[in-house]
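Computed from a prediction, not measured in an experiment: that's the story for all the values here. Here is the naming used below: chain letters follow the sequence lines, and residue numbers restart at 1 for every chain.
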Protein chains: 2
Amino acid sequence: MHNAFLQRLSHAAPLAQNEIGVLEELCRNPRDIPAKKYLSRDGDEIVTFPVILSGWAARYQILRNGARQITRLLLPGDAFYFDSSPDAVAIEEVITLSPCQIVNIPHADMTRAIERHPAIGEAMRNYGCMENAILSSWVVNVGRRDALERMAHLICEAHYRLSLIDGTQGEQFFFPLTQDDLADVLGLTPVHINRKLQQLRHERLITLRSKQMTILNLRELQQVAGFDGAYLAPRNGDKDASGGFGAIAA
Amino acid sequence: MHNAFLQRLSHAAPLAQNEIGVLEELCRNPRDIPAKKYLSRDGDEIVTFPVILSGWAARYQILRNGARQITRLLLPGDAFYFDSSPDAVAIEEVITLSPCQIVNIPHADMTRAIERHPAIGEAMRNYGCMENAILSSWVVNVGRRDALERMAHLICEAHYRLSLIDGTQGEQFFFPLTQDDLADVLGLTPVHINRKLQQLRHERLITLRSKQMTILNLRELQQVAGFDGAYLAPRNGDKDASGGFGAIAA
DNA sequence: CGGAACATTGACGATAATCAAAGCGAGTGG
DNA sequence: CCACTCGCTTTGATTATCGTCAATGTTCCG
């Protein structure tokens with residue numbers, strides 16, 4: 001299966017073959033978007049129900065002092081405005097972090113699919129739950145972990161989420177965030193990010209060069225992060241896509 | 001209307017009279033729970049779809065070093081585990097912060113109500129969106145605001161959310177959080193909370209005694225917080241319950 | 001080759017954490 | 001009614017994590 005959105009949803013709830021067909025149909029005609037492109041809700045880039053099929057993007061808010069906080073990393077298969085009534089999220093903008101393929105699914109089509117296929121509705125609801133769980137975990141991360149732990153946790157999260165959609169090659173994966181981006185995800189400054197990244201490298205936990213992240217010691221990195229993938233685990237019943245992510249106490 | 005859950009949902013989507021009747025029926029027989037009581041998902045306190053009708057509670061996570069981070073304040077009308085598949089949220093526990101009235105609505109009943117009344121389904125989805133928006137705002141709060149701004153923002157949020165369900169008397173409202181609780185909401189230490197609370201008092205922005213919060217200067221407090229209630233505003237179309245909450249840039 | 005974006009380094013400063021003790025206030029029991 | 005306790009708040013002194021400022025390197029790309 002090459003469609004990350006499909007993979008996501010089928011991890012969220014079991015989907016029958018014809019339901020998969022319906023979703024594939026909805027995902028025809030993706031558009032290519034370059035990196036570092038702002039996607040405003042009002043612009044023509046985002047209408048209806050936008051989904052990333054490949055690439056990374058981020059939702060963020062800007063404060064009046066100019067500070068930016070990224071509130072969500074959008075990985076392949078993620079929906080931009082899952083939670084949308086059009087006006088409600090006007091505060092949050094989206095920017096691509098790498099070249100992306102994006103489909104805009106008309107809301108009407110999505111609604112029709114959900115009506116005809118309750119399993120799709122269930123999958124969507126469960127997907128929403130996962131978004132929620134990630135948001136909670138970010139609050140915990142930024143609220144109660146120090147800089148090193150935060151970085152480690154984010155890396156574990158990214159790795160796990162990507163692994164569920166075949167976005168990893170073993171412990172290696174595409175990681176397009178600049179240090180400035182990382183700072184805005186983790187609520188730190190770029191300078192501090194730089195230093196903590198170096199610490200992770202010196203402790204032989206990771207490698208990061210040309211947007212290529214390699215986790216050298218996953219167990220230890222998870223240990224540092226206090227990472228437990230349970231909150232991200234597929235809710236499908238059948239799967240074991242997690243590949244041995246474990247029960248490190250949060 | 002005396003049922004906070006109804007109020008919430010009718011702010012989320014317009015509900016017809018008979019739909020309100022259905023929901024009222026579901027909310028019969030609430031249970032009284034004392035303050036500072038842990039409500040574990042496994043225990044018999046929480047099954048099905050629990051909703052707070054009165055009182056305050058909080059969802060939180062404990063880290064392995066013993067640190068606690070509160071991830072959600074549950075005010076009257078809020079659902080505990082809106083996002084629930086039973087096992088998924090095992091990491092997060094709930095504790096009451098004041099005496100509470102809680103109803104456990106059987107999932108089957110809720111599902112039936114949603115099937116028969118699409119407006120209820122829509123209201124629930126919109127409610128979920130609002131939860132999401134609050135979580136995002138907390139990430140921003142903890143990630144990019146300093147201690148004073150965070151406190152101010154939380155107070156504004158609480159005041160606004162309560163005002164939507166008639167939980168305020170003007171600028172005055174019940175605020176049961178101890179300084180330890182506040183610390184765990186805002187990702188700070190109790191000592192620091194104490195000092196910043198005093199600062200807010202000295203600047204004549206608030207008063208807080210015996211769990212009674214009074215905002216002395218709402219405009220100024222919102223200014224300090226960079227608070228803009230738009231993300232919490234009713235999505236109902238008709239309402240103006242906001243009572244003049246304004247467009248301070250976030 | 002030249003420039004722009006990104007990464008790295010160092011020196012210094014500020015916000016918030018830590019540690020420890022004392023004060024307060026409400027409810028309890030003698 | 002008063003001492004007593006327990007939870008919560010307040011205060012002070014000290015420390016540390018992280019932020020700020022500014023300069024220098026590096027990588028990538030046309």
How many Å lie between [atom1] on [X] and [atom2] on [N], as a whole number?
X        : N      : atom1 : atom2 : result
A:Leu188 : D:dC18 : CG    : P     : 7 Å
A:Gln199 : D:dC18 : CD    : C1'   : 13 Å
A:Asn65  : D:dG19 : CG    : P     : 13 Å
A:Gln198 : D:dG25 : CD    : C1'   : 13 Å
A:Lys211 : C:dA7  : NZ    : C1'   : 12 Å
B:Leu182 : C:dA16 : CG    : C1'   : 16 Å
B:Lys196 : D:dT11 : NZ    : C1'   : 15 Å
B:His192 : D:dG12 : NE2   : C1'   : 15 Å

Any side-chain N or O of [X] below 4.0 angstrom from OP1/OP2 of [N]?
X        : N      : result
B:Arg195 : D:dA13 : no
A:Ser210 : D:dC28 : yes
B:Asn194 : D:dT9  : no
B:Arg209 : D:dC8  : no

Measuring from the side chain of B:Val191 (C-beta onward, heavy atoms only), which nucleotide among C:dA20, D:dG19, C:dA7 has the closest atom?
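The listed nucleotide nearest to B:Val191's side chain is C:dA20.
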Hey, is [X] close enough to [Y] for a salt bridge, meaning N to O under 4.0 Å?
X        : Y        : value
A:Asp228 : B:Arg64  : no
A:Lys37  : A:Asp32  : no
A:Glu131 : A:Arg72  : yes
A:Asp78  : A:Arg161 : yes

Could you walk me through whether A:Ile52 and A:Leu75 pass side-chain contact (heavy atoms from CB on, under 4.5 Å), step by step?
CA-CA 7 Å; A:Ile52 296 199; A:Leu75 305 186; over 6 Å; no
May I ask you to say what B:Arg201 touches in the nucleic acid, namely base, sugar-phosphate or nothing, with a heavy-atom cut-off under 4.0 Å?
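It contacts sugar-phosphate atoms only.
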Scan B:Thr189 against the nucleic acid and name what it touches under 4.0 Å (heavy atoms): base, sugar-phosphate only, or nothing.
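It contacts base atoms.
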Considering heavy-atom distances to DNA chain D, does A:Asp146 or B:Asp180 have its closest nucleotide positioned more toward the 5' end?
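Looking at DNA chain D, the more 5' nearest nucleotide goes with B:Asp180.
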